[in-house]
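Notes follow once the structure below has been shown.
Ligands are counted one by one from 1 in listed order, and the atoms in each one are counted from 1 as well.
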Amino acid sequence: MKRTLLACMVFVLAAMQTPLTAQPATIVLNADITTDTISRHIYGHFSEHLGHCIYGGIWVGENSPIPNTRGIRNDVVAALKRLQIPNLRWPGGCFADEYHWMDGIGPRENRPKMINTHWGGVVEDNSFGTHEFLDLCEQLGTEPYICGNLGSGSVEEMSKWVEYITFDGKSPMADLRKQNGREKPWNVKFWGVGNENWGCGGNMTAEFYADQYKRYATYARNYGNNRLYRIAGGPSSGDYHWTETLMKNVPLNLMNGLSLHHYTITHNWTYKGSATQFTEDEYFNTIKSTLVMDEFVTRHSTVMNQYDPQKKVGLIVDEWGTWFDVEPGTNPGFLFQQNTMRDALVAGINLNIFNTHADRVKIANIAQMVNVLQAILFTEGEKMVLTPTYYVFEMYKVHMDAALIPVTFKSPEYVLNGKSVPAVSASASRDKLGKVHITLTNADPHKEIELNLELRAYKPAGVSGMVLTAKELSQHNTFDNPEVVKSVPFKNFKLNKETVSVKLPAASVVMMEL
Ligand code: AHR
């Protein structure tokens with residue numbers, strides 16, 4: 001599809017006009033009616049051997065002039081620590097089902113090289129392997145989430161990987177680990193059994209995968225006190241047959257989680273559009289393709305409820321985020337795209353959806369952490385920049401392990417050319433200290449939205465907040481201009497007894513502490 005420059009200009013000018021104010025909406029917050037705990041693992045991340053996510057983005061090697069600790073970039077670790085990231089998924093993605101972990105252990109100079117056939121056909125020298133990844137997790141204070149190879153590996157290979165990492169005692173794999181410099185085992189809970197096995201992970205049918213899953217999961221053992229949380233490769237977007245087949249055929253004691261992947265696509269898989277140059281129509285499609293996540297989570301949960309009414313199996317949204325065309329002139333296999341205020345809205349909406357479904361969604365991982373797809377960080381040589389999406393994670397971290405306060409309200413509509421979507425998304429929680437937080441997004445690029453927050457069973461001592469917004473939705477941060485879009489204190493509210501009236505700026509993400 002061809003975008004005209006005129007359409008882009010009209011959109012930018014419209015977005016910059018003095019905001020119109022829509023009818024105020026009321027959100028009732030019953031602070032004493034909390035439901036499920038919002039798993040902190042909803043705020044997880046994903047790092048694949050893809051483009052410059054691992055190499056350059058995380059791993060620079062011990063001899064690099066870029067400041068590092070045992071080869072891992074110090075600036076990236078510091079930025080991630082600010083977010084208290086709860087878990088990190090690795091090594092893929094599609095790469096996981098081609099990865100043979102034994103190639104990534106032992107002296108680096110002896111590690112075999114392979115071709116990363118999925119991602120640009122580049123040589124993978126295996127210098128970042130199991131020990132390096134688990135060192136990264138220890139430096140971050142985050143839980144590893146390892147995805148094993150079911151597509152092209154073997155039951156034995158996966159079983160030995162678990163033994164190598166987690167067995168404390170004398171065994172062939174534990175001895176090999178010790179020989180490679182790690183005496184004590186690591187604790188690894190989250191264990192994926194293949195990835196997208198309906199596609200890059202082996203092009204399997206749901207029925208065939210369910211049988212394979214049972215074999216692989218059986219031999220991925222619990223050693224000592226280490227208890228695996230086994231995650232089955234799940235469906236894409238609206239493939240309910242996949243979910244039903246897995247839930248029906250796999251005994252619940254073998255499967256703790258079932259993954260779901262849904263990417264926000266503006267057009268289609270062949271033409272995804274630019275990350276920075278888009279018309280309002282394209283922006284509208286992006287928001288629509290994000291909001292449908294709520295339907296997918298609801299409907300997959302409904303299928304799961306039939307077989308698992310006690311909700312023992314978590315829905316693990318371990319790949320989500322925007323997917324645009326790569327930046328011009330970059331390797332198409334590296335999936336490098338810029339990150340604008342539009343991406344920040346996508347992140348804010350998705351995270352509100354996951355919080356709201358805290359009863360079933362137990363882990364989520366944005367794709368991907370550094371330099372790939374909806375990245376929270378970009379690096380180039382020794383430089384690093386935080387993207388608008390980074391700030392959303394920083395604002396939303398207040399929800400981690402907090403008790404969900406259900407929010408029901410009627411959002412005003414964002415209308416474009418006769419089509420409409422709800423403009424506002426919200427989720428709220430009460431943390432362990434008793435503080436109430438609400439996160440809000442306003443997807444309408446033209447209208448400021450007035451909201452009344454009615455607080456029940458709660459008298460706030462004070463109100464504060466942070467806001468992320470931009471004059472234009474396409475604004476983004478670059479190495480030369482790193483602070484174009486960043487969160488700042490939010491002041492656009494008034495506290496009157498039990499009500500806080502809030503004015504959400506057009507195209508904004510807001511976090512309020514009450
Ligand atoms: O995140 C990029 C790719 O998207 C992953 O490797 C794959 O699982 C998905 O299709």
Side-chain angles (χ1 to χ4, degrees), residues 44-55 57-58 87-99 114-122 124 128 133 145-153 190-204 206 209 213 231-239 242 257-266 268-270 272 275 289-290 293 296 315-327 330-339 343 346-347 350 363-378 387 389:
H45 291 264
F46 173 33
S47 56
E48 180 164 10
H49 287 239
L50 195 178
H52 292 299
C53 182
I54 299 288
Y55 298 109
I58 293 168
N87 72 77
L88 182 57
R89 181 171 182 250
W90 174 84
C94 294
F95 183 79
D97 281 292
E98 281 199 296
Y99 182 61
M114 68 181 279
I115 305 294
N116 191 336
T117 47
H118 271 293
W119 306 120
V122 292
E124 160 68 58
F128 190 88
F133 171 67
Y145 169 7
I146 292 183
C147 186
N149 178 348
L150 180 142
S152 71
F190 302 126
W191 195 271
V193 183
N195 167 76
E196 296 195 351
N197 302 92
W198 38 263
C200 66
N203 287 307
M204 301 172 189
Y209 174 73
Y213 175 85
I231 299 165
S236 168
S237 303
D239 182 355
W242 189 279
L258 176 67
S259 86
L260 165 66
H261 291 180
H262 171 64
Y263 282 95
T264 291
I265 302 282
T266 297
N268 55 57
W269 283 103
T270 319
K272 302 182 211 70
S289 165
T290 304
M293 178 69 92
F296 293 144
L315 187 59
I316 311 300
V317 192
D318 53 14
E319 287 186 32
W320 65 270
T322 55
W323 194 322
F324 299 115
D325 286 339
V326 297
E327 292 305 318
T330 65
N331 187 329
F334 282 12
L335 309 187
F336 172 66
Q337 63 189 43
Q338 247 299 350
N339 193 289
D343 293 80
V346 170
N350 271 313
I363 305 179
N365 303 76
I366 187 170
Q368 298 193 2
M369 194 161 73
V370 194
N371 295 331
V372 170
L373 297 176
Q374 192 175 348
I376 58 165
L377 300 173
F378 293 143
T387 69
T389 302

Does any part of the side chain of His45, heavy atoms only, come nearer than 4.5 Å to the side chain of Ser47, both counted from C-beta?
no
State whether the number of non-hydrogen atoms from other residues, nucleotides or ligands found under 6.0 Å of His262 atom NE2 is greater than 12.
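Yes.
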Once ring-ring contact (aromatic ring centres under 6.0 Å, His included) is applied, do any residues pair with [X], and if so which ones, sequence neighbours excluded?
X	answer
His118	none
Phe324	none
Phe190	His41, Tyr229

Could you check ligand 1 for N or O atoms lying under 3.5 Å from protein N or O atoms and list the pairs with distances?
unit_1: ligand 1; atom_1: 1 (O); unit_2: Tyr263; atom_2: OH; d: 2.7
unit_1: ligand 1; atom_1: 1 (O); unit_2: Gln368; atom_2: NE2; d: 3.0
unit_1: ligand 1; atom_1: 4 (O); unit_2: Tyr263; atom_2: OH; d: 3.3
unit_1: ligand 1; atom_1: 4 (O); unit_2: Glu319; atom_2: OE1; d: 3.2
unit_1: ligand 1; atom_1: 6 (O); unit_2: Glu48; atom_2: OE1; d: 2.7
unit_1: ligand 1; atom_1: 6 (O); unit_2: Glu48; atom_2: OE2; d: 3.1
unit_1: ligand 1; atom_1: 6 (O); unit_2: Cys94; atom_2: N; d: 2.8
unit_1: ligand 1; atom_1: 8 (O); unit_2: Asn195; atom_2: OD1; d: 3.4
unit_1: ligand 1; atom_1: 8 (O); unit_2: Asn195; atom_2: ND2; d: 3.0
unit_1: ligand 1; atom_1: 8 (O); unit_2: Glu196; atom_2: OE2; d: 3.4
unit_1: ligand 1; atom_1: 8 (O); unit_2: Glu319; atom_2: OE1; d: 3.0
unit_1: ligand 1; atom_1: 8 (O); unit_2: Glu319; atom_2: OE2; d: 2.7
unit_1: ligand 1; atom_1: 10 (O); unit_2: Glu196; atom_2: OE1; d: 2.7
unit_1: ligand 1; atom_1: 10 (O); unit_2: Glu196; atom_2: OE2; d: 3.2

How long is the straight-line distance from CD of Glu124 back to NE2 of His49, given to the nearest 0.5 Å?
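Interatomic distance, His49 NE2 to Glu124 CD, rounded to 0.5 Å: 5.5 Å.
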